[in-house]
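Heads up, the thing below is written out as structure tokens.
These numbers come from a predicted model, not from an experiment.
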Amino acid sequence: AQRTHDPFLQLGLQVYAEKCAPCHGVAGRGDGPAAYLLFPKARDFSNGQFRLTSTQSGLPSDADILRTLKRGIPGSSMPPWGHLPDSVLVALVSAIRALAIEGRVAVLMESEAMTRDEALAVARDVLAPGLPVDVPARPPDSRIDTSLGRQLYMTGCAPCHDVDGRGLQKRDLKDDDGYPILARDFTQGIFKGGSEPDVLALRITRGLPGSPMPSLPYSAEELWAIVDYLGTLIKPGAQERAEQTQQVLNPAEYQRRMGIWLASLSWARQQNQPKERTNPHAAIVPKLNLNHRSPREESSSKQRILLIQ
């Protein structure tokens, strides 16, 4: 069973129930009440198919999970939780690991007829992160040829991501769970794990477990030539605009911002009020008396009154 007597784990599970369970489910199986609304689907922790990893096994380290929690996954429904204290986020990492193991234990006991102890031993083994992947260090700029990067992109990446990097043509891609998945549109600059060069190098080398994106073991010159070429496809500032942020305002800061907003609103309303228009010819044009009637109109009016009577 989960170490429910562990206060650190209990804190993580409490935060998970409040922040994560609506999408990922109470047990971390990706079946929360809001899961049916999401695309991409919420992660099922029990199958170990985490996308953003840095290990040879493809399973996330604690640092991988913590990074994802802090920054979220741009372009998806996964928000950032970086505004929470680090101690809470670390406890949340512990809770996610515990739920992943418990989920795998339940699967093994049902499908393989294992005892709980047997299933627990297997689950801990298969979900262990393992060693980090070896990403070739960036060579000197003089050894990086962007034209080589373009050539390698056209042969290795364009079949899914398209020649122009938009990823619109390949429509039959599916993840390992059978759900439809789209190739990344590089021109939008929205990357799940970030668009920094070292992160792109890691994604190319490690791939995205559970998705059609494979691990590609390029040499250092080839890898960084592709990374630099991808940089030419990304619109400046796109990643920053895509990333969500959450902030906690103290009362004084809230009042300050509200004061600025209310002052701006008052000014805008004053500017939009209709102004009284003046007639420059008013001094020389006599005002019309709309109640004045000519003698002919007065006589006609009296005749109508007589006819009515």
Straight-line distance of [X] [atom1] to [Y] [atom2], nearest 0.5 Å:
{"X": "S211", "Y": "K174", "atom1": "OG", "atom2": "NZ", "result": "15.0 Å"}
{"X": "L89", "Y": "K19", "atom1": "CG", "atom2": "NZ", "result": "10.5 Å"}
{"X": "L92", "Y": "I65", "atom1": "CG", "atom2": "CD1", "result": "9.0 Å"}
{"X": "D228", "Y": "S147", "atom1": "CG", "atom2": "OG", "result": "11.5 Å"}
{"X": "T155", "Y": "R150", "atom1": "OG1", "atom2": "CZ", "result": "11.0 Å"}
{"X": "L168", "Y": "L182", "atom1": "CG", "atom2": "CG", "result": "8.5 Å"}

Looking only at atom types and distance, does a side-chain atom of [X] sit under 3.5 Å from a main-chain N or O of [Y], one as donor and one as acceptor?
{"X": "E110", "Y": "V107", "answer": "no"}
{"X": "R29", "Y": "D44", "answer": "no"}
{"X": "T205", "Y": "L202", "answer": "no"}
{"X": "T115", "Y": "E118", "answer": "yes"}
{"X": "T68", "Y": "G72", "answer": "no"}
{"X": "R138", "Y": "P197", "answer": "no"}
{"X": "D162", "Y": "D164", "answer": "no"}
{"X": "W224", "Y": "P136", "answer": "yes"}
{"X": "D125", "Y": "V122", "answer": "no"}
{"X": "H24", "Y": "R43", "answer": "yes"}

- Carboxylate-amine/guanidinium contact E102 R116, below 4.0 Å: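 Yes, charged N to carboxylate O under 4.0 Å.
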- Message: Do the side chains of K170 and D172 get close enough for a salt bridge, i.e. N-O under 4.0 angstrom?
- Response: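 Counted as a salt bridge, because a side-chain N and a carboxylate O are separated by less than 4.0 Å.
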Same cluster (ILVMFWY, side-chain, under 4.5 Å), [X] and [Y]:
{"X": "W81", "Y": "V90", "result": "no"}
{"X": "V15", "Y": "V26", "result": "no"}
{"X": "I226", "Y": "V199", "result": "no"}
{"X": "Y218", "Y": "M154", "result": "yes"}
{"X": "M109", "Y": "V126", "result": "yes"}

- Query: L120 and R124: side chain to side chain contact (heavy atoms under 4.5 Å, CB included), yes or no, with the steps?
  - Reply: CA-CA 6 Å; L120 186 60; R124 287 174 173 169; 3.7 Å; yes
- Inter- and intrachain pairs under salt bridge (Lys or Arg N to Asp or Glu O under 4.0 Å), touching residues 48-63, at least two apart: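 Checked against salt bridge (Lys or Arg N to Asp or Glu O under 4.0 Å) - neighbours excluded - the pairs reaching residues 48-63 are R51-D175, D62-R97.
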Are [X] and [Y] packed together at the side-chain level, in the sense that at least one heavy-atom pair is separated by less than 4.5 angstrom?
{"X": "L52", "Y": "P60", "value": "no"}
{"X": "T53", "Y": "S61", "value": "no"}
{"X": "L216", "Y": "L223", "value": "no"}
{"X": "K70", "Y": "D86", "value": "yes"}
{"X": "F8", "Y": "S94", "value": "yes"}

Quick one: name the residues clustered hydrophobically with [X], using the 4.5 Å side-chain heavy-atom rule over I, L, V, M, F, W, Y, and just say none if it's on its own.
{"X": "Y179", "answer": "none"}
{"X": "L37", "answer": "Y36"}
{"X": "I181", "answer": "L173"}

- Message: Is there a side chain to side chain contact (heavy atoms under 4.5 Å, CB included) between V93 and L69? Walk through the geometry before answering.
- Response: CA-CA 8 Å; V93 171; L69 290 175; 3.8 Å; yes
Minimum heavy-atom distance [X]-[Y], with the two atoms named:
{"X": "L200", "Y": "S195", "value": "CD1-O, 3.7 Å"}
{"X": "A128", "Y": "S57", "value": "O-OG, 3.9 Å"}
{"X": "G189", "Y": "I234", "value": "CA-CG2, 3.6 Å"}
{"X": "C23", "Y": "L38", "value": "SG-CD1, 3.6 Å"}
{"X": "A183", "Y": "C160", "value": "CB-O, 3.4 Å"}
{"X": "F39", "Y": "P180", "value": "CE1-O, 3.3 Å"}

- Query: How about Q56: does its CD atom have over 12 heavy atoms from other parts shown lying under 6.0 Å from it?
  - Reply: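 It does: Q56 CD has more than 12 such atoms within range.
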- Query: Is the count of non-hydrogen atoms from other residues, nucleotides or ligands lying under 6.0 Å from R67 atom CZ greater than 12?
  - Reply: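 Yes, CZ of R67 has more than 12 neighbouring heavy atoms, counting only those of other groups under 6.0 Å.
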- Item | L99 and L13: CA distance, side-chain angles, deciding distance, side chain to side chain contact (heavy atoms under 4.5 Å, CB included) verdict | CA-CA 9 Å; L99 291 171; L13 290 172; 4.2 Å; yes
- Item | Summary of ring-ring contact (aromatic ring centres under 6.0 Å, His included) pairs that have at least one residue in residues 129-169, sequence neighbours excluded |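 Listed by first then second residue: Y153-Y229, H161-F186.
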- Message: According to ring-ring contact (aromatic ring centres under 6.0 Å, His included), does anything in residues 86-136 pair up with another residue at least two apart or in another chain? List the pairs.
- Response: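 Output for this query is empty, none listed.
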- Query: Does the pair L148 and L152 meet the rule for a side chain to side chain contact (heavy atoms under 4.5 Å, CB included), with working shown?
  - Reply: CA-CA 6 Å; L148 172 62; L152 293 170; 3.9 Å; yes
- Message: Under a 3.5 Å threshold, yes or no: a donor from one side chain and an acceptor from the other, between R206 and S215?
- Response: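 No donor-acceptor contact under 3.5 Å links the two side chains.
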